[in-house]
Every structure is written in C-alpha cells, then in structure tokens.
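Below: one structure, written as structure tokens.
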Amino acid sequence: MYGFDAISANNGWFIAATGVSMVFIGLIVLTLIISQLHNVLALMEKLTAKPEVIPETKPTIRVPPPDPSDVETTARVFTPLIEELPSEFQLSELYALAKEYHLPHPHLSIRCLIENGTLQPLGEGVFIFIPSCEE
Amino acid sequence: MYGFDAISANNGWFIAATGVSMVFIGLIVLTLIISQLHNVLALMEKLTAKPEVIPETKPTIRVPPPDPSDVETTARVFTPLIEELPSEFQLSELYALAKEYHLPHPHLSIRCLIENGTLQPLGEGVFIFIPSCEE
Amino acid sequence: MYGFDAISANNGWFIAATGVSMVFIGLIVLTLIISQLHNVLALMEKLTAKPEVIPETKPTIRVPPPDPSDVETTARVFTPLIEELPSEFQLSELYALAKEYHLPHPHLSIRCLIENGTLQPLGEGVFIFIPSCEE
Amino acid sequence: MEMILEIIESTGFANASVSSLVMMAIALFLLYLGIAKRYEPLLLVPISFGMLLVNFPLSPLMLSPDNGQPGGLLYYLYMGIELGIYPPLIFLGIGALTDFGPLISNPKTLLLGAAAQVGIFITFLGALAFGFSPQEAGAIGIIGGADGPTAIYLTSMMAPHLLGAVSVAAYSYMALVPIIQPPIMRALTTKKERAVVMEELREVSKTEKILFPIVVILITGLFLPAALPLLGMLMLGNLFRECGVTDRLSKASQNELNNIIVIFLGLTVGAKASAEYFLTIQTIQIIVLGLVAFAIGTASGVLMGKLMYKLTGGKVNPLIGAAGVSAVPMAARVCQTVGREANPSNFLLMYAMGPNVAGVIGSAIAAGIFLALLN
Amino acid sequence: MEMILEIIESTGFANASVSSLVMMAIALFLLYLGIAKRYEPLLLVPISFGMLLVNFPLSPLMLSPDNGQPGGLLYYLYMGIELGIYPPLIFLGIGALTDFGPLISNPKTLLLGAAAQVGIFITFLGALAFGFSPQEAGAIGIIGGADGPTAIYLTSMMAPHLLGAVSVAAYSYMALVPIIQPPIMRALTTKKERAVVMEELREVSKTEKILFPIVVILITGLFLPAALPLLGMLMLGNLFRECGVTDRLSKASQNELNNIIVIFLGLTVGAKASAEYFLTIQTIQIIVLGLVAFAIGTASGVLMGKLMYKLTGGKVNPLIGAAGVSAVPMAARVCQTVGREANPSNFLLMYAMGPNVAGVIGSAIAAGIFLALLN
Amino acid sequence: MEMILEIIESTGFANASVSSLVMMAIALFLLYLGIAKRYEPLLLVPISFGMLLVNFPLSPLMLSPDNGQPGGLLYYLYMGIELGIYPPLIFLGIGALTDFGPLISNPKTLLLGAAAQVGIFITFLGALAFGFSPQEAGAIGIIGGADGPTAIYLTSMMAPHLLGAVSVAAYSYMALVPIIQPPIMRALTTKKERAVVMEELREVSKTEKILFPIVVILITGLFLPAALPLLGMLMLGNLFRECGVTDRLSKASQNELNNIIVIFLGLTVGAKASAEYFLTIQTIQIIVLGLVAFAIGTASGVLMGKLMYKLTGGKVNPLIGAAGVSAVPMAARVCQTVGREANPSNFLLMYAMGPNVAGVIGSAIAAGIFLALLN
Ligand code: NA
Ligand code: NA
Ligand code: NA
C-alpha cells in the first residue's frame, strides 16, 4: 500500500498529530517550569537566608598580606601548604589549597614562585618545590 | 604419530609450502602497489591541479604584523581570540585559533604573553587570560 | 524466628566466633611476615651483594659540566638528546633521557632552556625545541 | 591440486560479487567524505570503515557464532547497539559536554526546539506513503531530529535493517547543515527579521544549572517513560558536569567512555550496512526523505521563530529557530553566519545555542513518542 | 479516541503509585545529600540518580529482555554487579591508588584493621536476631566494613535484593564517619592516651613495597580462596603501582577503567533499589544495624588500640584504632582531627593510614569468610 | 567441631597439590622476570599474576557459572579472548601507535617482513613432527611471528588449551630478542655487509600515509578474508592516526581502550595456564619450538636481506632483515646495535623500522592463512 491509503491504514495522521502535540506539550510544560526556576530559587533563598555563613573546617592562616613580589615571604607562607601535598603535585592542587586557607592573591603569588624558580615545572602540569632558591 | 609421518598425514608439507607462498604473494603484491603509490598520487595531482585554493571559512584578521615583543599590541590582537575560548583553556586551542585567523608568528606572540603574565598557567596545560597586565 | 533463637538456629554464634578468629589469625600471620620482610631483604642483600653494578646500555655523554646558566652550551649539549625525541615531546621524556645520559643537573639546565625560550611549551606538558634562540 | 583450488576459492577475489564491490566503493566514498570533506569525521570514518570491513567477500566480521566457533568481532560489538546500550552512553557524554545555560537563561527557546521536530512527523507520513512500515517510517522520520545517537537508538529498536542507511543519511545531512539550511532560512525571513539584535542573556546561577537536569528528567520521565534511557543519561551527564562534586565522572563521560563507545558505535553501525539491506531502492528513498525531514525541520523552526518575533514585538531573531533541529553546534553556527550577512555586528551564536540544545531534548522526546506509540 | 486514552494511560502520571513517588523522593533526597552535603558524591550521585530513573512509573530501565525486545539499559549494566565483575575491578583501582607504606612500616597496625572488623560479626548476630537469613545478615554486617565495593560485592553474591539498602547505608555512613566516630573515640580514651605522639615511621624500601602485595595475596589466598577476587585485584593494582614497570596499567586502573566502572556500578546499585525491596521495614532495620556495625567497629578498633597502648608502654596512640574500619581516608583524617584536639602539635594522619588500609584488607577477608561459610 | 574441620578443609592449605604449588612458583618466577628483568612487563606482569591467581588451590577465579551461582571474575573477562575480541582491539591501538612511514618510503622491505615468516611455517612442520595436531602446530608456529596479540588470537581460535604456554613463550622470546638475534645475525653476514650505510629514506606525504592503510586492507582483505579481524583493526587504528580528523579516536585507541584491554588480556591469558595444561611435556616442547621459530625467522629474514644486498649491488644492509620478525621495536633496535658494531657511524634504526612493521602485517597474514587452511 502506498500514498494516503498507507498513511490512513497505519493510523499515520493520528500518530503524527499526537506526536507533534506531545512534543509541544512536553516542551511547553518544561518552558513554563524552567522559566519560573530562578524566581522559585530567589524566593527560597529569601526564606532560608542563613544568619551567618558556617566557616570552613580548615583553619584560616592569618598572615599580613605579603607583597606578592616579595618572593621570600611568599615562599615562607606557602611552605606549609606545599608540605601537605605530595612531593610532585599539580599546580591546581596548590591553588585549591591556597584558596582553602584563604591566602591572599594566590594566583599572583604562585606565579611569582614559578617565575622565581621556587616551583619547578616537571611537565604535564606537575610541579616540584625547591625550597631555597640559591642553587 | 610423529616425525615425517605426522607431517605427511596432516598435509603439512603442502600447508607450509602454501603458507609461505601466500605470505610472499600477498606481500609482493603489496610491495608493488605501495611502491607505485606516490607515482599515482603525483600523476593525479597533475591532472586535478586546482586553479586556486579555496579560502578557509573563518575570516582573516588583517593586522599590521606587530612586533611580538610589543606586548600590549599583541595582547590586544589576541583578546578577541581568547574571548572565543572558555575562561580556562588549553594553550593548544589558542594556537589553533591563532593559526585559523592567520595571526603573525603565533608561537612567539603567545610566548611573550606567557612571559609577561598575560596568560597565566593553571597546571595541566590549562591557562587563563588576565587582560590588564598592571596588577 | 527472632532473637537468640534465630541466632542459634542459624549457627550464628559459631559463625561469628569463627569469623572473628579467622580475621585475627589471617592478619596476625600477615603481621608476622610483613614485620620480618625487611630483615629478610637485608639478609638477602648481604648474601647476594653484587661485585659491581652493570652499566646501562646507553652510552654516557661525557661533557665538562657546563655552567647551567650558559644557555648556549646547555642547548648544544641537549640538542642530540632532543633529536632522539619526537618533534613534540613531554618534558618528562627529556628529563628521563637527560638522566639516562648522566647529564649534569638536568633540572636546572632544562629550566634554563625553558626560561630562555629554547624549549617552548605547547600546553598539556608538551614542548617543542626551537634550536636557535635569536628569532 | 584440489586443495589449491579450494584455497583459491576461499579468497575474496574468487567470491567477489558486484554488490559487495559496489558496497565497498560506497564505503570508500563515505570514507573520503569523512576525511577529505570532514563530514562528521569522528563518526563517518568508523562507520564507513565498518561498512568496508563487512562488505569484503567472505568477511568474517559479522558472522554469528556457529557450531562452537565464535562469531565475528563486529557481531559482538554490535550487541551494544542491538541491546540499546551505546546510544544512551553517548548521550551521557553529550550531557556532560553540553552547557544548557543559554537555554535556562531563555527558556522560551525550548519552543523552537519543539517546532523543529515537526519535520520528523511529517517525514514519518511521507515514509508511510512510500510504503514503509510504521516502525521503519519512524526511524526514517527521526533523521530530521539531526541527532545521531537518537536516530541510531530508535532505528536499532524499531527497524535495525535500516540502521546503515538511516545513520549514513543522518550524519551526512548533519555535516551538510551549512549547505541545506541557509537557503531555507533566507527564503522564509525578511532581511529586517534576520538583522534583529537580541537582548543580552541573563546570567544563570550554579543552582539553576544543577536543578535543570533534575527538573527536565522529572517532567519528561513522568510524561514519557519511553524517553528515559536517552534523556536520563543526557541529564545524568549534565548533572555530573554541573553539580561540582563529580568532575571525575563528568570527564570520564566526555572522554574515555565516550571515545571508546564512539569507536564501537561507528564501526558497528557501518557493519549493519550490508549489500542486502543497503543496495535497495529503499536506501535512496531514505536519503530523499531524510533531506525532506531536515528541510521541514528547519522551516518549521524558522516559522516558529517568526511567530515569536511577532509575539515579542521583534525581540526574537527568527533565524535561531533553524538551530532547533539540533545538529549541535553546527546549526547554531549557521544561524550566526546567516545572521551576520544581514547585520555584520550581530552575534547570534549564544542565542542559537538555546534552541540548539533544546532540539536534542526535542528529538529524544520524539523518539520516545515513537517508541511508546509504535512498539 | 481510544488511542488517546491509551496514550494517556501509558504516561507515568497515569501510572504513578505512592510507592514509586516515595522512592523518587528518597532518590532526590540522596541526590541532595551527595551534591549539597558532599556525602561520597562520586558514588552517591550515580546511585541516587539510578534509583530515580528506575522508580519512574513504567520506567523501562531495568526491564528484562522479553519477547525478542531487548532489556533496559540498566538491566544490562547491572550484569557487571550480578556477575561479580565491577567490585573487583574497583578494587584494582583502589590498589593502584593505595600506598601501603605506612602499613609496611608499622605492620602491627594490621591488628587494628582486624579488631575493627568485630563490628561486622556482631552486627551479623544482630541481623540474625532481627530475623534476617544468614546470607542477608552477612550482607548487613559487612556495612561495618566501611568499604563500598566489598559491601556491594558480598551483597550482590549473597542477598542481591538488599543491594540498594546496604549500599545506601554503607556510603551514607562512610560519609558520616566524621560525625559517628569522634564521640566514641573520646568516650573510650583518656586525654593522655589521645595526646600520645608516636615514633617516626621507618622509611620503607621499594623492594618491600613490591613484595607486599605478593606476600599478602599468597598468605590470604592460600588461607581463604574465597577472598581471592577482591584481594587479588587489590594486590594486582598495588603491584601495578609499585613495581615501577607498569605505570600505564597503574594509571589505567586508577583512572579510565575506574571511572567507567564507578559510573556503571553507581547507576546499577541504585537501580536495584526498587520500591518492592526498599520500602520495607527491613530497610530501616538495615540502616539501624549499619550504624551499630560502624559504632562497634570503631569501638573495637579503639579498644585494640588501648591494648596496644598498654603493651607498648604508651607508644601507640589508641585513636588510630578507629581508622581500622577503613572508610579510606576519611577515618584516618578523623583520627588526625581528634588527636589534634588533645595535643595540637600531634600529627596522627600517617600513623592512622596504616590501620586504615589494613581495614580494607580486613573487611575483604571478612567478606571472604562469609562467602566461604554461608554460600 | 565438624564445621571447624569443614572450614579447615576449605582453606587452600588443606587443598594444596604439588602441581598447583609448582604453577604458583612458575607464576612468581615469570612475575620476577617481568618486574626485575623487565621482560615485556606490560604483559608479563598481568599474565603471571593471572596465572598465580587461578592456580591457588580452590581458586574461584576461573569457575564456570553453576547452579545459578555466577562464575569467576576471570571466567567472564576471558570471554573477550574466547570470542576473539581483545586481540583485534589491541591491534587497533597498535595501528594507532605505528608510523608506517619507513615502510611506505621503502616498500621493498615488505619482502623482508615476508621472509621472516618462514620460521612460522617451518616450526609448524616441527610441531607436527612432535605429534601436535595441525591446529596446535599452527598456534606454536605463530610464536615465530614475534607478535603477542597475533599469537593469542590464533591460539585462542585454534588451540585454546595451549594459550598459556604459547603466550608465555611468545612474550618471553620477544623480550629475549636482544639475546637470541645477534649471534644469528653475525653468523650469517660478513662485516662488510653489516657495515653498509643505506640511502636516505624518501619523505612520505600525508596522502600516502592516509592511503596506505586503505590499500593494505583492500589487498589483504580481498586476498585473505580470514585476516580481516586483525589487519582490519590494525589499519583502522592507523587510519585514525594518519587521517588528521580523528585524533580523539586515535588517542582513545592507543590509550584508554588499549590500557583496559591489555589488563584484561594479560590477566586472562595467564588465567588459561592451569596446571592441567601447563605442567606437561608439551609446554617444554612449545618452548623449544618457539625458540626454533624465532631463530629460523631471524635467519630467513637476514638471508632475504643478503639476497637484496646482492640484487641491489650492496645498497641494502642485510641486518635489517632480522627486524622482519616484528617484535616491534625491539628487533629494529637490535639491528641498530649490531650495525653499529660493524660501523660505528651507521644508523640503521629507521631502515629497520620498515621490515619491523612489515613483520606485523606478515604474521597477521600468516595467522589468517592458518585460520583459512585449518579451521
Ligand atoms: Na533534534
Ligand atoms: Na574495612
Ligand atoms: Na611478525
């Protein structure tokens, strides 16, 4: 069977109409809900506004924000962090740790340490720490 | 059964002879064809020599070739490219883009940007872009 | 069935007692053996102390230990090594090779080559070698 | 002597039939398109190589196990398609790769993703009219969804003998989107419409991005359970991506798992293209109908875009409707290009990504509908 | 008309039962715990998503093959658990990730790993008393091993219908170790004991590290063949790591293979949590018993620590006994934290890693014992 | 009491047989060779560990499923060998790793790859003479192909009970190439021949490299369909590598897929070495015959090299014929070393890579011939 006959015989008109309708119904419902999502979230945030942020478990190292170009101080501040890491570590791990301990401007400091050679790249993003820079 | 009897009984002489012959026939045919491959290619190239190369779809950014050590200009030229990338990107992606846009001496320029700190390594070959270099 | 009846009916007391005993027996035996491991090794080392270490197959490149900050000499010494590598290589491969050939202070030398731009990072820890540094 | 004859008779040369040589030539042509023309090469290269391998005379690669002898390599790898395993796993990777931000920011573009599925159902009618069975017609219609894994999933469930033709058509047309869509887009829109610059997208919060996959799967899963395998994996992948605590799994879904499955999927889809099922008039009909499906999908997306242009007082550029067919991200780039012709300072890419990813959801729903209605 | 009704009847909405909605709510709650509370997210996110997907009304994901129709995606992926394949492969990755150095350096901490398994067997008795079958009781007891893959392996072999409840309990309590353990540790020790600073660990040679996995597997394998699948893979992974010539295999075990299996394992463990088996009084009993198992394991570890403190004349800090439950590395970190409270300059982490990894071996042996005695 | 006896009887100690202890000792010795002597460690470490694991008394790892109890872990992983799945997938990775440039540049070195396969067929005769069946003899002969996956594939198809012995022999001799080959090479050549400096290789274009795998598979596939699984995957991997548009797939073939399969393949090849099949006089015969195969292959390669030296008027260094056995890249390095002895400024490595990779193709063809003639 071919043509309109085949379509009718196989319930084609009905299936196609239903299919198109269902796609539209499904996505219209989704549109409505997604479009309200941020309103709902805003509302919930208002309702559950916490009185105070719970501090992280890791202690904050409180140091006078060093001049990041003062490499020696920077290196001293970073030493305890680096000791928490394996001897060969990913730079991203050090960044994460520096953030966790709320060290001031970690990006800049780490860049200094790299430029100055205190952090030594081993390839594949892996670095080692060379404590004293007088080699 | 053992020895020559076993070989004969299992058609061994025939199989071994056929096997060696087939390996040789197969590889001789391959040798002949592979050795003619570049001749055929050279011929085809001559026949189908295109009048003109079709330009890439990406537009060429035409800039006066900057002095790559002039970091500010270089950074300006690279800014739109970097904006096409995610905020943390692979250096190789930037190279690819620089080539696509036919920027002059991309290697040297990108090296400048790294040395000058405009591109900041995050480990694992990932970099971020720090637009202004006066920190 | 519940309670002590269920435990008894299922041989629970016996199984639990056996289980605990077996865990302890197993791990006590392991403890004893592992704790003797380094003694046994020390003994074996004494017994099989080799007269001389067999040298590596790779030839040692004998060069007067260059001043690592003398980039030109360093680059010259490293050139044959880099030629053994593919044109784009992992820094770690170069380190491995430098160690294999007993080159003096490879870390420092390679760092010099990177800083000076002779080794050019391509992202993901991959580097290329740019022989002459006067671009 | 006899044995030598036997050996010669066991070579492919002695058993070559015209149909197998034609299939090998087609496979080589598709390989050429994949490599030289870069038509969706990540899939077309393995598909066409799989097609080549199984169409060698006496190829053992798709043999069923028999008499204690194991079956062919591609026979076993094909299980992953036959049992409906590979396509959802590919969707896991796509979910982990997809940023639904532009869609969340502008949810009405979901309707463009809905409109572009009209082509699927109209082509379904067309395929019925050509004499295909309803199951076959559904598989052919879904080509218009412009979504490889969805097309492969539905076809493998409903009409596996068409798998070769349907997927070759789907991936070829996806590669041809930059050629198929622009004339339709230009024909249906005025220059003024094409030049519309859209309002900047609202920034989307992390929480919204985390909730999105959960909301989508809750709605669509309750509405249409048959769509759960595809949409569930898509949304799981996206949740891995967005939730911030499963980066390892997100990367594994995008990379190692995805790459391995793509190789297996491509090879075995191609392996289903045997001469018997591929060298038929039906294949040509499928190729024609697939083009029709793409064209109608594009047109209906653009027309819905025009409707939204009207309803919003000209704030929506109707071109982005064309991206609703999915073919991510090719169709969105086409919008960008066509939009720039009309207004060189226009930058539609991000706006088109909304309908583009909506189209993925839309065609997965369409596939679910066929599964629910026809199986 | 009839067909429209049929369609409506085939939606999930029309088929939603209270139990499936409750299960979906539980899944969403677990998902919340995984994402927002970071409870072992790498496993809890896929587990809870799998649980969600299979509990949609009419969900096809766990359907068995039927009538020539293939089964659901998770039905097939679940094979890897049913046949005992995933957990040993996870252990391969864990072995490749684990540094047994602290244990080799201080082998008597293996006894702490033994003591902490007492909770498993006492809970086994408790579960029998609640009316569970011996197989079920073993699966429940093993929750106290604080080792996900071991619990999943044993449960899938002995009581697969409890898989959902057991693994949810196991991973939840592993995440809750920092809350469950400290009060018990403080209650059983004096401040003086907690303040003990331990002797520095001996440096361990490369050869010892290579021999360790071989020795462990030789002893345990001869002693308890039923533990070979888990311990064999654990030790193979560790050998890949330490032997220095198979780095590729070590990395593959830790990364690509592990990540893929974690996704499949998590999804399908969750998929086993259907309402029928999960919404029962048994699940609540399992959750209670699991907590008991953790508590007893912690206590017996600490008590063994106290014994060693006595026998060594105060050289062993009894806190590190708590790490013997495994829950690597969370339990070791808890020791570090609780130890620092008593003596801020104390650094117990490395010392606690010994019993911590010993606990992994210990609970795998316990699982082997159950398999040998009960199967 | 009775139960305690039962427990003791269920330990490995009580069930240890001499043969299982001998097998464990052999496994430990092979492990030692792999780790301390670095004999092909990526395969020998998993092979010997698999061998160890299955030879524990009462080891459950290779148990078949029985009575509703699932089978052992290695029983299931072994399916990938039994069904012929792993070796072709390993070949996919090898193809993606292999640069055929030196071969394309100097195609006549393919003949050296052919000559070195003579050892396979002569050893086949030898094995027949020892009383092995033709299938077994083929599997033993293929050891001379110096190609692990090819040997495993052929053996698993034709004589799976010999899998342990054949693969241990194959990988051991591949590791011993630097010891086996040089004396043969020196005995068969004059110093003048060994000192020959070859002409520089022509640069090969990208198009040639893309066409190479396609041409090879077209020729060999038509000629010998039985070689399609191995050669098809080898050439697909190489096409992924060279075509420039499927880098993701090339990397996946070389890394994630390859690493996972290597672990499974190694473990399960070793698992096939049970005492019953391994502690036999046949194993010793196989080891002797394998050495013969290597030696004859080396000799015939060198002799063909001498012939080419004559025919080209001294332009070909006959040493590179030895690389034709494959054992990539070890055999090529041996040529380099032996060549340098005769002429310190000689650099044969690149020239030897041609026959070296040709040997991979050659032995895959030889395997196909055995499959076609003997199955
Ligand atoms: Na679509
Ligand atoms: Na444990
Ligand atoms: Na070979």
Side-chain angles (χ1 to χ4, degrees), chain C residues 1-50 53-54 56-58 86 89-97 99-100 124-126, chain E residues 100 103-118 120-135 137-138 141 202-205 207-209 211-212 215-216 218-220 222-224 227 300 304 324 358 361-366 368-370 372-374:
Chain C
M1 219 170 354
Y2 294 92
F4 289 141
D5 292 352
I7 295 178
S8 303
N10 286 302
N11 239 332
W13 303 113
F14 174 79
I15 292 175
T18 315
V20 170
S21 319
M22 286 177 78
V23 169
F24 269 97
I25 294 173
L27 290 184
I28 287 171
V29 172
L30 259 188
T31 305
L32 295 176
I33 295 180
I34 299 296
S35 65
Q36 293 314 310
L37 205 54
H38 70 282
N39 296 330
V40 173
L41 282 175
L43 192 73
M44 282 185 57
E45 213 156 275
K46 238 187 255 169
L47 292 176
T48 66
K50 291 175 203 147
V53 179
I54 295 152
E56 293 265 299
T57 50
K58 286 260 188 173
F89 53 87
Q90 292 284 337
L91 208 50
S92 51
E93 295 173 301
L94 183 54
Y95 276 107
L97 218 53
K99 273 189 194 165
E100 208 173 352
E124 291 203 59
V126 174
Chain E
F100 284 106
L103 181 58
I104 303 170
S105 171
N106 194 6
K108 64 178 172 293
T109 56
L110 270 164
L111 299 180
L112 298 169
Q117 313 313 317
V118 168
I120 293 176
F121 295 99
I122 294 184
T123 308
F124 166 74
L125 293 177
L128 285 179
F130 271 109
F132 286 96
S133 78
Q135 283 74 20
R202 176 177 69 81
E203 186 83 15
V204 171
S205 75
T207 318
E208 279 177 276
K209 286 193 169 183
L211 286 177
F212 177 80
V215 168
V216 170
L218 285 177
I219 305 298
T220 54
L222 280 171
F223 180 66
L224 192 68
S300 53
M304 174 59 91
I361 298 176
S363 46
I365 290 181
I369 291 169
F370 280 132
L373 295 180
L374 300 176

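Here is the naming used below: chain letters follow the sequence lines, and residue numbers restart at 1 for every chain.
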Portion of [X] that has a non-hydrogen atom of chain C nearer than 4.5 angstrom:
| X | answer |
| --- | --- |
| I120(E) | neither |
| L125(E) | both |
| T220(E) | side chain |
| Q117(E) | side chain |

For this session: Taking all heavy atoms of Y2(C) and all of F130(E), pick out the closest pair and write down the distance.
Result: CE2-O, 2.9 Å
Exercise. Do you know the tightest heavy-atom contact between S205(E) and L41(C)?
Worked result: OG-CD1, 4.3 Å
Under a 4.5 Å heavy-atom cutoff, which of [options] has the most pairs with chain E?
| options | result |
| --- | --- |
| L32(C), N11(C), L37(C), L27(C) | L27(C) |
| A17(C), S8(C), A16(C), A6(C) | A16(C) |
| G19(C), S35(C), G12(C), G26(C) | G19(C) |

Answer with side chain, backbone, both or neither: which region of [X] has an atom nearer than 4.5 Å to a non-hydrogen atom of chain E?
| X | answer |
| --- | --- |
| I28(C) | both |
| V29(C) | side chain |
| M1(C) | backbone |

Rounded to the nearest 0.5 Å, what separation is found between the [atom1] atom of [X] and the [atom2] atom of [Y]?
| X | Y | atom1 | atom2 | answer |
| --- | --- | --- | --- | --- |
| T31(C) | L110(E) | OG1 | CG | 4.0 Å |
| N10(C) | L374(E) | CG | CG | 9.0 Å |
| I33(C) | L211(E) | CD1 | CG | 12.0 Å |

Exercise. For I34(C) and V215(E), what are the C-alpha separation, side-chain angles and deciding distance, and is it a side-chain contact (heavy atoms from CB on, under 4.5 Å)?
Worked result: CA-CA 8 Å; I34(C) 299 296; V215(E) 168; 4.0 Å; yes
Exercise. Please walk me through it: do F124(E) and I15(C) pass side-chain contact (heavy atoms from CB on, under 4.5 Å)?
Worked result: CA-CA 9 Å; F124(E) 166 74; I15(C) 292 175; 3.7 Å; yes
Problem set entry | Top contributor to chain C interface from I365(E), L373(E), I104(E), L111(E) [non-hydrogen pairs under 4.5 Å] |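 Counting heavy-atom pairs under 4.5 Å, the top option is L111(E).
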Seminar exercise, completed: Counting heavy-atom pairs under 4.5 angstrom with chain C, the leader among A115(E), G141(E), G113(E) is A115(E)
